[in-house]
Number of protein chains: 2
Amino acid sequence: MAQKETVERILDAASVLFAERGYAETSLRTITTAAGVNLASVNYHFGSKKALIQAVFARTLDPFCQQLSENLNKLKGSDQVEALFRCLFSTLMETVAAKPGLNQAEQVIELQRFMRLLGMAYTQSQGHLRRFIVSQYGDLYRRFLNLLRDTLPGINPVDFYWQLYFLLGATVFTLSSIDSIQGIIEDNFSEHSGVERALELLIPTLSRMMQIPAVDSSTPAAD
Amino acid sequence: MAQKETVERILDAASVLFAERGYAETSLRTITTAAGVNLASVNYHFGSKKALIQAVFARTLDPFCQQLSENLNKLKGSDQVEALFRCLFSTLMETVAAKPGLNQAEQVIELQRFMRLLGMAYTQSQGHLRRFIVSQYGDLYRRFLNLLRDTLPGINPVDFYWQLYFLLGATVFTLSSIDSIQGIIEDNFSEHSGVERALELLIPTLSRMMQIPAVDSSTPAAD
DNA sequence: GTCTATAACGCGATAGAC
DNA sequence: GTCTATCGCGTTATAGAC
């Protein structure tokens, strides 16, 4: 039974290595060696390196999106910005980080790994991966966006988009680097600061970001 | 005289291609072909691919950091968060974007290119580049950080670091994707939304982000 | 299904003529 | 300072024995 799990071994090794080095910088040789499987097995089981990259993503994103969809259903009626973010991040924690048998430090690493993979899907030139994500998960993304917009009834729709990207960048960047930020903080202040602290700070900060104070006079709103 | 500029031609082509595809994904063959110079000339003029990557960075960061240092001197005495961000971004615009002979659309591309290069220096596994940047420009970075912290006297130092990364992510991510965000906005709202709009939105948003409302009761402060 | 061996190719870097 | 030619290596992918 130590053999049947070849596919899982490859996925495990690949997600770790992709997150550490990026997609282009990680060779199939490195992955198969780390996984303790044969070099040829990636092409046998997945067909190509690109298909492996997509499979790594789907393994995490499928359960996350399914759970998020359910959690959003329960939320219906609520109109708090913070509640939406809280729903998003708690889904992230329960599906991505809180895998059985992981202690808290390992959960952080798991979360960070996924955020790095996600960030690099946009940062690196992996057009096939962006297309894959949009085609597979675009509906849920748009649904979340609409819910978020509905909680901010007075917002200028164009400003909303800009704010949205501010928000996205803050989240992905921070959660991607969470262990190095923790390290800097511990070095400088001899104080541990965990993910839960970061998220408890991030959620109100994102909510504060989205609150546009007053319409700036210079650009009249479109009608 | 069309020859002496080989070094410049290489730097121009390299910064465009690195920003588009990343460092690992861009070969010297691609760069030299785009630049219309010989394959061997990169190794002749720069010594190695790594040295070329660093040179691409230095060409933009040197003037930016020098100008920022001067602009911060003029600012001394002011204690507004917004003034600091405004100084940072106006320096960015005047040294990175506003090169002679560029129209506004070209300036956006120039700015975006630099932000992408900067983001990828951290995202991709380019340890030599991070070390280069820290060693060359670390002093100014720390100086800016201290000024920023001084404008927020009541802030919890640990929270300050987390907020700082939220801020960094929002900025780099947004300015890296500025043309695609503009494209989405124009498709959906038939309304042009330029960088100046994004920056006018970003500056108060970042300032708002940094303002911690009140200490949350649940986590007692370390003494 | 898994292995070894290798094909087919692209890479960074360099030697040496000009 | 610029060229051609090529070395040496690492890559993805595949063919074929087991």
Side-chain angles (χ1 to χ4, degrees), chain A residues 1-57 59 117 120-121 124-129 131-132, chain B residues 1-59 117 120-121 124-132:
Chain A
M1 75 175 64
Q3 296 137 306
K4 185 62 209 2
E5 46 183 41
T6 298
V7 167
E8 285 299 310
R9 294 170 66 84
I10 293 173
L11 285 172
D12 287 341
S15 60
V16 170
L17 290 165
F18 284 148
E20 278 173 3
R21 322 183 181 190
Y23 301 108
E25 296 91 336
T26 307
S27 71
L28 295 184
R29 281 177 151 75
T30 311
I31 294 169
T32 50
T33 302
V37 302
N38 190 267
L39 170 59
S41 56
V42 167
N43 274 278
Y44 177 77
H45 288 289
F46 296 93
S48 71
K49 186 181 179 180
K50 286 184 182 182
L52 169 62
I53 293 173
Q54 294 176 7
V56 165
F57 247 92
R59 189 171 61 149
L117 291 173
M120 289 190 307
Q124 299 195 253
S125 69
Q126 295 288 340
H128 71 97
L129 184 51
R131 269 173 267 126
F132 171 78
Chain B
M1 73 176 66
Q3 296 137 305
K4 185 64 211 356
E5 46 184 41
T6 297
V7 167
E8 286 298 311
R9 294 170 65 86
I10 293 173
L11 286 172
D12 287 341
S15 59
V16 170
L17 290 165
F18 284 148
E20 278 174 3
R21 320 181 182 191
Y23 301 107
E25 297 91 335
T26 308
S27 71
L28 295 185
R29 286 176 150 77
T30 309
I31 294 168
T32 50
T33 302
V37 301
N38 191 268
L39 170 59
S41 55
V42 166
N43 275 278
Y44 178 77
H45 287 289
F46 296 93
S48 71
K49 186 181 179 180
K50 286 184 181 181
L52 170 62
I53 294 173
Q54 294 175 7
V56 165
F57 246 92
R59 189 171 60 150
L117 291 173
M120 288 190 307
Q124 298 196 253
S125 67
Q126 295 289 337
H128 71 97
L129 185 50
R130 282 193 293 277
R131 269 173 267 127
F132 171 78

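Residue numbers begin at 1 in each chain, while the letters A, B, ... track the order of the sequences. Worth knowing before you read on, the calculation uses all heavy atoms, side chains too, and leaves out hydrogens, waters and symmetry mates.
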Using a cut-off of 4.0 Å on non-hydrogen atoms, how would the nucleic acid contact of A:S27 be classed: base, sugar-phosphate, or nothing?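 Counting heavy atoms under 4.0 Å across all strands, the contact made by A:S27 is with sugar-phosphate only.
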Over all strands shown, is B:T32 touching base, sugar-phosphate only, or nothing at heavy-atom distances under 4.0 angstrom?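 B:T32: no heavy atom of the nucleic acid under 4.0 Å.
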Separation of atom [atom1] in [X] from atom [atom2] in [N], rounded to whole Å:
X     : N      : atom1 : atom2 : result
A:I10 : C:dG1  : CD1   : C1'   : 12 Å
A:L28 : D:dG10 : CG    : P     : 15 Å
A:R29 : D:dG10 : CZ    : P     : 9 Å
A:L17 : D:dT11 : CG    : C1'   : 16 Å
B:H45 : C:dA13 : NE2   : C1'   : 15 Å
A:N38 : C:dT6  : CG    : C1'   : 13 Å
A:L39 : D:dT11 : CG    : C1'   : 10 Å
A:I31 : D:dA13 : CD1   : P     : 11 Å

Nearest to the A:A40 side chain among D:dA13, C:dC3, C:dT14, which nucleotide is it?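 When the side chain of A:A40 is considered, C:dC3 is the closest of D:dA13, C:dC3, C:dT14.
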Given D:dC3, D:dG1, C:dA13, the nucleotide with the shortest approach to the side chain of B:Y44: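 Nearest listed nucleotide: D:dG1.
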Is any side-chain heavy atom of B:E5 less than 4.5 Å from a side-chain heavy atom of B:L11? no
So how far is it from A:I10 CD1 to A:Y44 OH, rounded to the nearest 0.5 Å?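 The CD1 atom of A:I10 sits 11.5 Å away from the OH atom of A:Y44.
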Identify the two heavy atoms, one from B:V42 and one from B:S48, that lie closest to each other, and give their separation to 0.1 Å.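 Scanning both residues, the minimum pair turns out to be CG1-O, 4.4 Å.
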For B:N38 against B:T32, the heavy-atom pair lying closest together: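 Nearest heavy atoms, B:N38 then B:T32: O-CG2, 3.4 Å.
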Please confirm whether the shortest side-chain N or O distance from A:T6 to OP1 or OP2 of C:dG1 is below 4.0 Å.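 For C:dG1, OP1/OP2 do not have a side-chain N/O of A:T6 under 4.0 Å.
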